[in-house]
Protein chains: 2
Amino acid sequence: MDPVAIIGASGALGFGLALRLAQTGVPVAIGSRDAARAADTAERAGAIVPDGAFSGHDNAAAVGAAGAAGTVILSVQFRNQAETLANLKHALVPGQLLIDATVPLAAAVAGKATRMLGVWQGSAAQQALEMVPEGVRVVSALHTVSAASLSDLEQPLGQDVLVCGDSRADKRDAAALIERVEGLRCVDCGKLEMSRTTEAMTALLIAVNARYKVHAGIRLTSLPEQLWA
Amino acid sequence: MDPVAIIGASGALGFGLALRLAQTGVPVAIGSRDAARAADTAERAGAIVPDGAFSGHDNAAAVGAAGAAGTVILSVQFRNQAETLANLKHALVPGQLLIDATVPLAAAVAGKATRMLGVWQGSAAQQALEMVPEGVRVVSALHTVSAASLSDLEQPLGQDVLVCGDSRADKRDAAALIERVEGLRCVDCGKLEMSRTTEAMTALLIAVNARYKVHAGIRLTSLPEQLWA
């Protein structure tokens with residue numbers, strides 16, 4: 001199995017995802033702007049999940065490690081999203097699946113973490129779609145899963161991942177990967193433009209977390225058993 | 001107990017709420033632009049919940065029936081929200097609690113039900129706050145509860161109501177009323193401005209419902225037992 005590249009895996013969400021995916025047997029190519037930092041993160045991850053297959057790379061090399069039909073998870077701060085994607089323009093290749101988890105929190109420009117920035121394209125995910133080479137398949141997901149819960153491997157997750165994208169097949173591919181992690185159920189929430197709401201749910205959960213001192217997640221009720229048939 | 005006024009109770013969400021609240025022993029003053037239509041709705045509701053105390057009024061009279069410290073639930077189409085509130089300017093009195101459930105779906109101006117309109121104030125609830133007399137306490141809630149599930153009294157609800165408002169006490173009052181309905185749990189989601197996200201969740205659920213042919217609701221995970229202590 002080709003590795004899944006996680007761009008920004010030194011950050012909290014990316015690191016938690018790396019651990020959880022590695023636990024399920026997925027090799028993880030950890031990407032960072034700085035290859036040495038990526039190597040450190042890979043070592044740190046390996047100490048926590050000894051059976052995991054982690055490798056550290058600069059971002060472009062991590063995307064390369066994912067292979068021509070591979071999956072790249074983009075898990076960076078909003079303030080770095082555009083620059084990161086610009087730098088990956090020659091690394092990403094048509095056919096790759098990009099799962100964007102970027103959230104345009106107002107905190108990116110010194111605002112509150114409970115407020116969102118307006119993104120001209122509608123959402124961070126739509127901005128990503130505009131920036132990647134044609135043929136790279138973009139879906140958005142994972143915004144509402146708390147980094148703290150992911151990183152705490154003793155913590156049952158038991159929550160939904162809201163997946164948006166313009167292609168049902170691409171969303172299904174993303175779901176098949178993400179649902180390897182026990183306790184994460186993926187729900188098809190519609191087109192990529194719906195990402196403006198799933199991204200905003202992160203700010204809402206941050207408000208809820210602050211109020212109740214928890215790491216809340218989302219669960220949709222009354223859904224059928226088979227969500228990706 | 002003073003009646004709770006439901007403005008727009010001839011609509012699907014308002015009607016379902018009227019039934020569910022009446023089941024718990026809350027008298028319901030059904031408001032409509034047309035008093036005769038309100039009377040019809042009250043009769044129809046009484047046939048479904050024979051123990052319920054329903055009365056029909058024009059909107060202003062329904063607000064009056066709720067009493068000086070009473071609760072008014074605003075459950076109208078977005079396209080009618082501003083006009084309705086303008087007409088209630090002399091009916092609403094300081095101290096009353098207004099629970100706004102309005103969702104600015106793009107369908108209000110012939111767009112898709114999975115898209116939202118931008119409201120200058122940020123959300124329909126903030127527009128409501130701007131329009132009511134000073135001293136009327138505004139919270140937003142109930143957007144994500146499906147009208148179909150509310151109206152089907154055999155249907156267990158088992159979902160959360162996302163409550164936003166600038167006063168914790170006002171939110172608590174709204175929660176105390178709404179949580180009389182079995183299966184509805186109210187969660188404090190922050191200030192009234194957060195309503196732009198809770199309102200938008202409705203469009204997202206409409207997309208999910210279309211995809212899966214269900215009436216989905218929301219549940220937040222990992223919350224403590226006591227949410228309004």
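Throughout, protein chains are lettered first and strands after them, A, B, ... in sequence-line order, and every chain is numbered starting at 1. All figures in this text were calculated on a predicted structure; none of them were measured in a lab.
- Heavy-atom distances place both the backbone and the side chain of A/Leu227 under 4.5 Å from chain B.
- A 4.5 Å side-chain heavy-atom check between B/Leu98 and B/Val72 finds at least one atom pair inside the cut-off.
- Side-chain contact between A/Ile218 and A/Val187: absent, with no pair of heavy atoms (C-beta onward) separated by less than 4.5 Å.
- The choice from A/Ala216, A/Gly190, A/Ala207 that makes the most heavy-atom pairs within less than 4.5 Å of chain B is A/Ala216.
- Proximity to chain A (any heavy atom under 4.5 Å) is shown, for B/Arg196, by neither the backbone nor the side chain.
- The distance from atom CZ of B/Arg219 to atom CD of A/Gln159, rounded to the nearest 0.5 Å, is 14.5 Å.
- Ranked by non-hydrogen atom pairs under 4.5 Å with chain A, the options B/Leu205, B/Leu157, B/Leu162, B/Asp188 are led by B/Asp188.
- Contact count versus chain A (heavy atoms, under 4.5 Å) is highest, among B/Gln226, B/Lys213, B/Arg168, B/Lys191, for B/Arg168.
- Minimum interatomic distance between B/Leu21 and B/Ile73 (heavy atoms only, all atoms of both residues): CD1-CD1, 3.9 Å.
- Contact between B/Val49 and B/Phe54 at its shortest, heavy atoms only, is O-CE1, 3.6 Å.
- A 6.0 Å sphere centred on CD of B/Gln77 holds no more than 12 heavy atoms belonging to other residues, nucleotides or ligands.
- Annotation: maximal heavy-atom pairing with chain A below 4.5 Å, among B/Ser149, B/Cys189, B/Pro156, occurs at B/Cys189.
- In terms of heavy-atom pairs under 4.5 Å with chain A, the best-connected choice from B/Leu220, B/Asn209, B/Leu204, B/Val208 is B/Leu204.
- Residue contact with chain B, scored on non-hydrogen atoms closer than 4.5 Å, involves the side chain of A/Arg115 exclusively.
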